[in-house]
Amino acid sequence: MGIGIRGMEPGWEHWSDDEWTAWYETTPSEPDVMAMAGRWSIDPSAIDDATVTATGIHGLPPIGL
């Protein structure tokens with residue numbers, strides 16, 4: 001429990017810039033998550049909102065962004 005979550009690990013508030021850099025370099029980011037989704041099924045970041053014509057679970061994508 002608490003893996004990859006700052007604040008769950010003793011001493012994190014005293015980390016140096018090098019320690020934070022090392023942590024960020026080994027922690028998945030949004031592009032990593034989207035790439036993984038693309039490998040499994042669909043990369044959500046590759047969907048062109050203008051081509052979506054049906055409502056989804058949460059409705060239509062925002063217009064004009």
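This one's a predicted model, so the numbers in the text were calculated from it and none came from an experiment.
In terms of the side chain to side chain donor-acceptor pair (under 3.5 Å) criterion, residue partners of Ser16 (sequence neighbours excluded) are, by chain and number, Glu19. Residues satisfying the side-chain contact (heavy atoms from CB on, under 4.5 Å) criterion with Asp17, sequence neighbours excluded, are absent altogether. For Ser29, the side-chain contact (heavy atoms from CB on, under 4.5 Å) partners are Pro31, Asp32, not counting sequence neighbours.
The distance from atom CD1 of Ile42 to atom CE of Met34, rounded to the nearest 0.5 Å, is 12.0 Å.
The shortest side-chain heavy-atom distance between Trp23 and Trp12 does not fall under the 4.5 Å cut-off.
Applying the 6.0 Å contact sphere to CD of Glu30 captures no more than 12 heavy atoms from other residues, nucleotides or ligands.
When all heavy atoms are compared, the tightest approach of Ala22 to Thr26 is O-OG1, 3.1 Å.
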